[in-house]
Amino acid sequence: MQQEKSRPDIIKIFAEAFGAVVIIISLICAVRMNITGRTLWLDEAMLAMSFCKRSFFEMFDPPLDWNQSAPVGYVFIVKLLTMMFGTSEHVLRAFSLISYALMLFVFYLISRDCIESGYPLLCTAGVSSVEFLLKYSNMLKPYMFDTLCVLLVIYLYLLYTEKRIRTWVVAVIYAVLMWCANPVAFVAGGCIAAEFCFGVAKRDTGRVRSALIIGGSLVASFVALYFFWLRPTIEDTNLSEFWEGEEFPLLLTSTAALEKFFDSVRFVCQGIGRLWTVIVVLAVAGIILNIFIWKKELPWMVFFSMALTLIASNMGFFPVSDRLFTFAIPILIFAAILTIHLVLPMVFGDGPGRYVIPALFFCFTISGTGISEYCTGEDYIKGEESKEAVTYLKENLKSGDEVFVYYPAIPIFGYEMGYDTDSVCGYDHNVHYGTGFFYDEDDMATEDIDWIESRDETYLFFTHVVKYQPIKPLLKILKKKGKITEVLPPYLYIYERT
């Protein structure tokens, strides 16, 4: 009998130990990715320009260079890090790595407090091994910080509902987090909407009043953020045009709308991994079952948060993009875990359920491809790794040599060689910056072609050239009047006029 009683404890110890090991390995992978020293890819290089060129106070004069945008809190912290430790790739990406580690810790706290099955480490391991999250744990982009802030919103809401934190504290922290991550507006709004509805349904004037206080602080914070940061960014960039047509469809009145709906769901959720359809189905099923059977508060909060996000997207305020929806990955995983926790005991009973739950969590954890993808630390991106080409130019450029820099390559060339100069490697006026693209023969930057063909010999420097597609038409044209020598394709060539 004693052995029979101890078996669940043994299972729990093994499951939690396995979860802890997976989390540690995931963190090691993230650190190794950071120290690899890979090249900044296009979006990172464009954002890095502001951190490298601008003073601290100039960072808060939107928009940022190259039509880039990031939340104020993210800009503030990363700029402080660069002022203290420099602007190497490691430092620029360090805050995303820190946010990833903190995100896992907060997810652990939420799992520990909300899921009574007692496997918080195993649940967290499932999140830590998601390839998409590991990928953005080492990029100069705010998506991992977004995810951390959103989970903080949820955890604070849980503390508030348990009366472990006061209303005014939640109001202040939510107002601050609004400036740190754009999705906070939707998730915090979902928490407050749920609190207000519960207060009304239960005729609890205290909860209604608290919801109005926190909601008021959110509105005030958003209004200030809009006029200080969001409106100047929208008005002075082409971001609205860039994301045009990327709204999430809610009115499924036609076959085309239905197809776009499923495409959008797939695009947003596939970052979860190979079992993304299972996770989404479980999360949605849990919300539906909660409406009719469980009537628990937490699934309602998830429902309101995601509903507000999709409504905002439908109205054109939050584009459908897998990276912008990074914050939704741990929320959907948590909702799926919560569904499993509530459903399985109903099906198998408390005894067998204690075996099935960790088995399912274990299967989801090992389905994650993040560790296998990045265990070597070499998170290289095809068409973006131009560092070797830069090193070649630094070591081989001679007096009289010239370099043509492809337009999308300007940010990384400036980061490596120096910004706002046409003179590099100690020689004067030896750089010509491109002004356009070369996607096909009907869409060519003719001024750039004319300049290249006018030179007897020049280096051609490219980046953001996945599968060579953006430069094939250019090379085809140049071969008609000269010779192309591959130096480090697809990043560096030499053109010689014949």
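The first residue of the sequence shown is numbered 1, and numbering continues consecutively from there. What you see is a predicted model, and the numbers here were worked out from it, not measured in a lab. Below, all heavy atoms of this structure are taken into account, side chains as well, without hydrogens, waters or symmetry copies.
- The backbone N or O of Thr365 sits less than 3.5 Å from a side-chain atom of Ser129, completing a donor-acceptor pair.
- Side-chain atoms of Glu195 do not come within 3.5 Å of backbone N or O of Ala211 as any donor-acceptor pair.
- Under a cut-off of 6.0 angstrom, the local environment of CZ in Phe105 is sparse, with at most 12 non-hydrogen atoms contributed by other residues, nucleotides or ligands.
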*Go through the steps to decide whether Cys123 and Phe334 satisfy the test side-chain contact (heavy atoms from CB on, under 4.5 Å), and finish with yes or no.*
CA-CA 8 Å; Cys123 294; Phe334 173 74; over 6 Å; no
N/O donor to acceptor pairs below 3.5 angstrom from side-chain atoms of residues 147-157, sequence neighbours left out:
residue : atom : partner : partner atom : Å
Thr147  : OG1  : Tyr143  : O            : 2.9

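- Across all their heavy atoms, Ala257 and Leu252 have their closest contact at O-CD2, 3.7 Å.
- Considering only heavy atoms from C-beta on, Asp146 stays 4.5 Å or farther from Asn182 through its side chain.
- Within a 6.0 Å sphere centred on CD of Glu58, heavy atoms belonging to other residues, nucleotides or ligands number more than 12.
- With ring centers used as reference points, Tyr160 lies 6.0 Å or more from Trp168.
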When the side chains of residues 319-333 are checked against the rest of the protein, which donor-acceptor pairs come out under 3.5 Å, sequence neighbours left out?
residue : atom : partner : partner atom : Å
Arg323  : NH1  : Asp43   : OD2          : 2.8
Thr326  : OG1  : Arg323  : O            : 2.6

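- Electrostatic pairing of Glu297 and Lys202 counts as a salt bridge here, judged by a charged N lying under 4.0 Å from a carboxylate O.
- The closest donor-acceptor contact from the side chain of Arg274 to the backbone of Ser367 lies under 3.5 Å.
- Ring geometry, Phe95 versus Tyr74: the interplanar angle falls from 30° to 60°, so the pair is classed tilted.
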*Test Phe145 against Cys180 for side-chain contact (heavy atoms from CB on, under 4.5 Å), laying out the working first.*
CA-CA 8 Å; Phe145 189 45; Cys180 296; 3.6 Å; yes
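- By the 4.0 Å N-to-carboxylate-O rule, Asp61 lies too far from Arg54 to be salt-bridged with it.
- Checking side-chain atoms of Ser221 against main-chain N and O of Leu218 turns up no donor-acceptor pair under 3.5 Å.
- Taking the charged nitrogens against the carboxylate oxygens, Glu44 and Arg38 do have a contact shorter than 4.0 Å, which makes a salt bridge.
- How far CD1 of Ile23 is from OG1 of Thr124: 5.0 Å, rounded to the nearest 0.5 Å.
- The six-membered or imidazole ring of Tyr419 lies away from that of Tyr415, with a centre-to-centre distance of 6.0 Å or more.
- Under the 4.5 Å side-chain criterion, counting only non-hydrogen atoms from C-beta, Ser217 is not in contact with Val172.
- Trp41 and His464 have tilted rings, their planes meeting at an angle from 30° to 60° on a 0 to 90° scale.
- The structure places OG1 of Thr233 at 9.5 Å from CZ of Phe228, a figure rounded to the nearest 0.5 Å.
- In this view, Arg266 and Asp263 satisfy the salt bridge (charged side-chain N to carboxylate O under 4.0 Å, His left out) rule, not counting sequence neighbours.
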*What do the steps show when you test Ile272 against Phe364 for side-chain contact (heavy atoms from CB on, under 4.5 Å), and what is the final call?*
CA-CA 10 Å; Ile272 296 174; Phe364 173 70; 4.3 Å; yes
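- In this structure Lys53 satisfies the salt bridge (charged side-chain N to carboxylate O under 4.0 Å, His left out) test together with Asp420, sequence neighbours excluded.
- The two atoms that bring Ala185 and Met178 nearest to each other are CB-SD, 3.7 Å, heavy atoms only.
- Taking each heavy atom of Leu133 and Met144 in turn, the nearest pair found is O-CE, 3.1 Å.
- Separating the CZ atom in Phe60 from the CZ atom in Phe76 is a distance of 6.0 Å, to the nearest 0.5 Å.
- The side chain to side chain contact (heavy atoms under 4.5 Å, CB included) test with Lys296 is passed by exactly one of Leu338, Leu289, Asn290: Asn290.
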*asked:* side-chain contact (heavy atoms from CB on, under 4.5 Å) for Val170 and Arg166? Distances and angles first, verdict last.
replied: CA-CA 7 Å; Val170 179; Arg166 295 186 176 182; over 6 Å; no
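- Using a 4.5 Å heavy-atom cutoff, the side chains of Leu80 and Phe56 are in contact.
- Judged by distance alone, with hydrogens and angles left aside, the side-chain atoms of Ser111 form a donor-acceptor pair with the main-chain N or O of Phe107 at under 3.5 Å.
- Ring geometry, Phe362 versus Phe18: the interplanar angle falls from 30° to 60°, so the pair is classed tilted.
- Looking at heavy atoms from C-beta onward, Glu384 lies in side-chain contact with Leu42 at the 4.5 angstrom threshold.
- With respect to Glu89 and Lys387, a salt bridge is recorded, a charged nitrogen being found less than 4.0 Å from a carboxylate O.
- In terms of heavy-atom proximity, Leu298 sits nearest to Cys114 at CD2-SG, 3.7 Å.
- The main-chain N or O of Phe196 is never found under 3.5 Å from a side-chain atom of Arg207 such that the two would form a donor-acceptor pair.
- Within the 3.5 Å criterion, the main-chain N or O of Leu122 finds a donor-acceptor partner in the side chain of Glu16.
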Please tabulate, for the side chains in residues 302-313, all donor-acceptor contacts under 3.5 angstrom to protein atoms that are two or more places apart in sequence or on a different chain.
residue : atom : partner : partner atom : Å
Ser305  : OG   : Val187  : O            : 3.3
Ser305  : OG   : Met301  : O            : 2.8
Thr309  : OG1  : Ser305  : O            : 2.9
Ser313  : OG   : Phe248  : N            : 3.1
Ser313  : OG   : Phe318  : O            : 2.7

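- To the nearest 0.5 Å, atom CE of residue Met33 and atom OG of residue Ser96 are 10.5 Å apart.
- Side-chain contact check for Trp300 versus Ile291: some heavy-atom pair is nearer than 4.5 Å.
- Closest non-hydrogen pair, Ala188 versus Tyr174, comes out as CB-CD2, 3.9 Å.
- A donor-acceptor pair under 3.5 Å is formed between the side chain of Trp229 and the backbone N or O of Ala70.
- Going from atom OH of Tyr136 over to atom NZ of Lys141 covers 8.0 Å, rounded to the nearest 0.5 Å.
- In this structure, the side chains of Ile381 and Met139 come closer than 4.5 Å at one or more pairs of heavy atoms.
- Side-chain contact between Glu131 and Tyr374 is present, with at least one heavy-atom pair separated by less than 4.5 Å.
- Of the inter-residue distances, the one linking Lys79 atom NZ with Cys52 atom SG reads 7.5 Å to the nearest 0.5 angstrom.
- Judged purely by atom type and a 3.5 angstrom limit, Ser50 uses its side chain to pair as donor or acceptor with the backbone of Asp65.
- Looking at every heavy atom in both residues, Cys363 comes nearest to Ile366 through O-CG1, 3.2 Å.
- Between Arg93 and Leu40, the closest side-chain pair of non-hydrogen atoms falls below 4.5 Å.
- For the side chain to side chain donor-acceptor pair (under 3.5 Å) test, residues two or more places apart in sequence or in another chain that qualify with Glu162 are Arg164.
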